[in-house]
Enquirer: 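One structure coming up, written as C-alpha cells, with questions to follow.
Numbers restart at 1 for each chain; the letters A, B, ... are given by sequence-line order, proteins then strands.
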Amino acid sequence: EVQVLESGGGLAQPGGSLRLSCVGSGFDFRSYSMNWVRQGPGKGLEWVSSITTISSITSTSDVNYADSVKGRFTISRDDAKNSVYLQMNSLRDDDTAVYYCARDRCCGTLDLDYWGRGTLVTVSS
Amino acid sequence: DIQMTQSPSSLSASVGDKVTITCRASQYITNYLNWFQHKPGKAPQLLIYSASRLHSGVPSRFSGTGSGTDFTLTISSLQPEDSATYYCQQSYETPRTFGQGTKLEIK
C-alpha cells in the first residue's frame, strides 16, 4: 500500500525556520517526483514545491517553487531514507497552513496521486 | 499562471442524486485536468486524472469529461460518504494550480 507521512510541523515565530519531513512507503521512492502542497485556514489548496527524481547523468534533481515561497523555502530528497524535506526560512504569518506531501503519478506527469494527511505549521508571535 | 474556476462554490444534494461540478481553465490545457476529493482531517484523494481516467480504487459513480478549457466532474448516484470538498487542478504546466473548491453537502 502506497503511503506518505509528514512530520515536523509546529509553531514558529515570524522570521523563523522549520523543517518538514515526508517519508514514503509501499513504492519505489527513488522513481517518483515528490511535492509539497499547502492549505491555509479557510483557503483552498496551493502547490508549494516539487522535486524530480535524481538524474543518473547529473546526479541532481530539478526543483520548482511557487512564487510565494521562492527564495525562502528549499526542497530536497534523500532516497536512501525514502524521504523528502521542505526547509522553510523567513517564515511569514501567511505561511500558516496544513502542509501535505504528495507523490507524482508517474513519468513526468504533474498528477498528484497519493497524499499524506498533512502537518500543521503555525507562524505566530 | 493558469487560473482555475470552479462552480458552484457549494451545493447540497440528496442521496441518489446526480451531481455535476464544473471547472474552467483560463487557457487551453488539452486534457491535463485532475479532480480531487478532500475530507476534513484526511489526505486528499485523486479521483480522476487526464480529465476522464478513473484513479485506482475510485468508485465508478465518479466520472470526468471535458477538454480544452471546460471540464466536468459527475457523481452519478450520490452516496453519504461523498460529502467532501472537491477540487480541480491543472497539470498542464508549473505552477500547478487548483480551483477554489466545491463543498458538497448531503441533505
Enquirer: Are B:His38 and A:Tyr100 an aromatic pair by the rule of ring centers under 6.0 Å?
Expert: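 That pair passes the under 6.0 Å test.
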
Enquirer: I need the residue from A:Gly116, A:Ala102, A:Ala66, A:Gly118 with the largest number of non-hydrogen atom pairs under 4.5 Å to chain B.
Expert: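 Most heavy-atom pairs under 4.5 Å with chain B: A:Gly116.
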
Enquirer: Where on B:Gln89 is there a heavy atom nearer than 4.5 Å to chain A: the side chain, the backbone, both, or neither?
Expert: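 When you check distances to chain A, only side chain atoms of B:Gln89 fall under 4.5 Å.
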
Enquirer: Less than 4.0 angstrom from a charged side-chain N to a carboxylate O is my criterion; do B:Asp17 and B:Lys107 meet it?
Expert: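 No, B:Asp17 and B:Lys107 are not salt-bridged.
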
Enquirer: What closest approach, in Å, do A:Arg38 and A:Ser68 show between heavy atoms, and which atom pair accounts for it?
Expert: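 What the structure gives for the nearest pair is NH2-OG, 3.5 Å.
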
Enquirer: Test A:Ser124 against A:Thr122 for side chain to side chain donor-acceptor pair (under 3.5 Å), laying out the working first.
Expert: CA-CA 6 Å; A:Ser124 175; A:Thr122 303; over 6 Å; no

Enquirer: Less than 4.5 Å to any heavy atom of chain B: does that hold for the side chain of A:Asn64, its backbone, both, or neither?
Expert: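 Just its side chain gets close to chain B.
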
Enquirer: Between the main-chain N or O of A:Asp104 and the side-chain N or O of A:Ser33, is there a donor-acceptor pair closer than 3.5 Å?
Expert: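 No, A:Ser33 side chain to A:Asp104 backbone: no donor-acceptor pair under 3.5 Å.
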
Enquirer: Can you tell me which portion of A:Tyr65 sits under 4.5 Å from chain B's heavy atoms? Options are side chain, backbone, both or neither.
Expert: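 Looking at A:Tyr65, nothing touches chain B.
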
Enquirer: Any sub-3.5 Å donor-acceptor pair from B:Gln79's side-chain atoms to B:Ser77's backbone N or O?
Expert: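 At least one qualifying donor-acceptor pair exists.
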
Enquirer: Side chain, backbone, both or neither: which part of A:Ser50 has a heavy atom under 4.5 Å from chain B?
Expert: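 Contact with chain B: side chain only.
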
Enquirer: So which of A:Val48, A:Val4, A:Asn35 has the largest heavy-atom pair count under 4.5 angstrom toward chain B?
Expert: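 So the answer, after comparing A:Val48, A:Val4, A:Asn35, is A:Asn35.
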
Enquirer: Pick one of side chain, backbone, both or neither for A:Val37, based on which atoms fall under 4.5 Å of a heavy atom in chain B.
Expert: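 The side chain, not the backbone.
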
Enquirer: Counting only heavy atoms closer than 4.5 Å, note whether B:Tyr92 contacts chain A via side chain, backbone, both or neither.
Expert: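 The answer is the backbone of B:Tyr92.
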
